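Counting starts at 1 for both ligands and their atoms, in listed order. Every heavy atom of this structure was used, including side-chain atoms; hydrogens, water molecules and symmetry mates were not. What you are looking at is a predicted structure, and each value in this text was computed from that prediction instead of being measured.
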Amino acid sequence: MLDNQTSDVATVAGEMGQRQDEVRHDWSREDAQRIYDLSFNELLFRAQCVHRRHFDPNIVQKCQLLSIKTGGCPEDCSYCSQSSRYETGLKASKLMALEEVLEGARAAKANGATRYCMGAAWRSPKQRDMPAVLDMVREVKEMGLETCMTLGMLTNEDATQLKSAGLDYYNHNVDTSESHYSEIISTRTFADRLETLARVRHAGIKVCSGGILGLGETDADRIDMLVTLANLPEHPDSVPINMLMAIEGTPLEGAEKVDAIGFVRAIALARIMMPKSYVRLSAGRSEMSDELQAWCFFAGANSIFCGEQLLTANNPGEDADDVLFAKLGLKAEAGG
Ligand code: SAM
Ligand code: DTB
Ligand code: SF4
């Protein structure tokens, strides 16, 4: 006999069944909440079914990050080691020289990364920095890697120049829900973030946008953040889901740890609402057990950051990831 939970599941599954191959942009909070609240087994089963319709479940994309300009950022993002407003002990540096960037890209490629993501601690790029940044895009692309940059807010002109240089992806996270956003960042708005995403999209660059869990948000905030991403005119091609890495000296240094089950639920919801996007299990893996990462992959995560460092924080590194992939029978996605 069906109990209440199972019959709820049947209803949601039925609705989803009708729309199962449809990429929707009209998600309501209620639709999303009902999926998020399914029994854990049912939620993971649904997410895995959606995942298998669009992806090989045993293939994981590997992206490598490099901080091309570290620290000294004027923004006040409460989670960030690179904001000049907090004493995090991080040494600021100038924009990296092209050769150093290329050296990192060669090593990343040798380690099986297919995308190279270059990040700068800027509110937005300055015109004088653009020629050097555009050279990095051109030369990394020339090496046969996909290129991604995250440089803060862009003008239409910046986006067009990046596109002309051959930039494949631009990362700009919404970070959290619109209503929680002002608790975390005061120096730019949620609307500013969406505007940059629109400029990136209009320039023809693929969008990478996601957020962070562990910023003191509620379940409703997490759901709202994912609804915002899923209701963009096009789903972001990549959706990074970061677990807060609590950095000493930042306002969030003592933030409560994210509950693992809630984290997996968010991954599963992202997979179901954005069926064709790469969902990236991003920052925080160095503090996650193998079991938690395995759950995330089962819930539909199919991309990671590889290497020993993210931008400034630790990441598990190749050896640990090789062991994890072997245990789980996962393979890295092949390069183009
Ligand atoms: N300055 C640019 C910007 O903010 O758009 C690019 C770099 S910024 C570090 C990129 C993203 O990394 C942030 O939007 C945030 O989602 C994530 N991030 C930064 N610090 C983090 C931390 N301590 N834990 C988890 N994610 C973090
Ligand atoms: C994203 O969502 N996560 C990456 C990338 N996009 C730029 C950055 C994670 C940063 C983690 C903290 C650090 O290394 O400083
Ligand atoms: Fe600056 Fe980006 Fe860090 Fe915010 S997240 S303080 S914009 S580097």
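- Within the cation-pi definition used here (under 6.0 Å to the ring centroid, within 45° of the axis), R29 does not qualify as a partner of W27.
- The shortest N or O to N or O distance between A283 and ligand 2 is not under 3.5 Å.
- Ligand 1 has at least one atom lying under 4.0 Å from a heavy atom of G152.
- With a 4.0 Å heavy-atom cut-off, ligand 1 is reached by the backbone of A120 but not by any atom from C-beta on.
- Near-neighbour remark for atom 4 (Fe) of ligand 3: protein N, O or S atoms under 2.8 Å are C77 SG; waters not counted.
- The N/O atoms of L311, backbone and side chain alike, include one that comes under 3.5 Å of an N/O atom in ligand 2.
- Relative to atom 6 (C) of ligand 1, the option among T150, I241, V174 with the closest non-hydrogen atom is T150.
- Not a single heavy atom of E253 lies less than 4.0 angstrom from ligand 1.
- Using a 4.0 Å cut-off between charged nitrogen and carboxylate oxygen, R285 and D321 count as a salt-bridge pair.
- Of all the atoms in ligand 2, the ones that sit under 4.0 Å from a non-hydrogen atom of P240 are 2 (O).
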For residues 87-102, run the donor-acceptor check on the side chains, cut-off 3.5 Å, and write out each pair with its distance to 0.1 Å, sequence neighbours left out.
residue: T88; atom: OG1; partner: S81; partner atom: O; Å: 2.8
residue: T88; atom: OG1; partner: L90; partner atom: N; Å: 3.4
residue: E99; atom: OE2; partner: R106; partner atom: NH2; Å: 2.7

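- The protein atom (non-hydrogen) at minimum distance from atom 12 (C) of ligand 2 is A313 CB, 3.9 Å.
- Contacts between R188 and ligand 3 below 4.0 angstrom, taking non-hydrogen atoms only, involve the side chain exclusively.
- Under the 4.0 angstrom criterion for non-hydrogen atoms, M243 is in contact with ligand 1.
- Considering backbone and side-chain atoms together, Q82 places no N or O closer than 3.5 Å to any N or O of ligand 2.
- A salt bridge is absent between E234 and R201: the closest approach of a Lys/Arg side-chain nitrogen to an acidic carboxylate oxygen does not fall below 4.0 angstrom.
- Among all protein heavy atoms, the one lying closest to atom 3 (N) of ligand 2 is N242 OD1, 3.0 Å.
- In terms of polar-atom proximity, S282 is not counted as a contact of ligand 2, lacking any N or O under 3.5 Å from an N or O of the ligand.
- Distances from atom 4 (O) of ligand 1 to the heavy atoms of R193, E75, M118 put R193 nearest.
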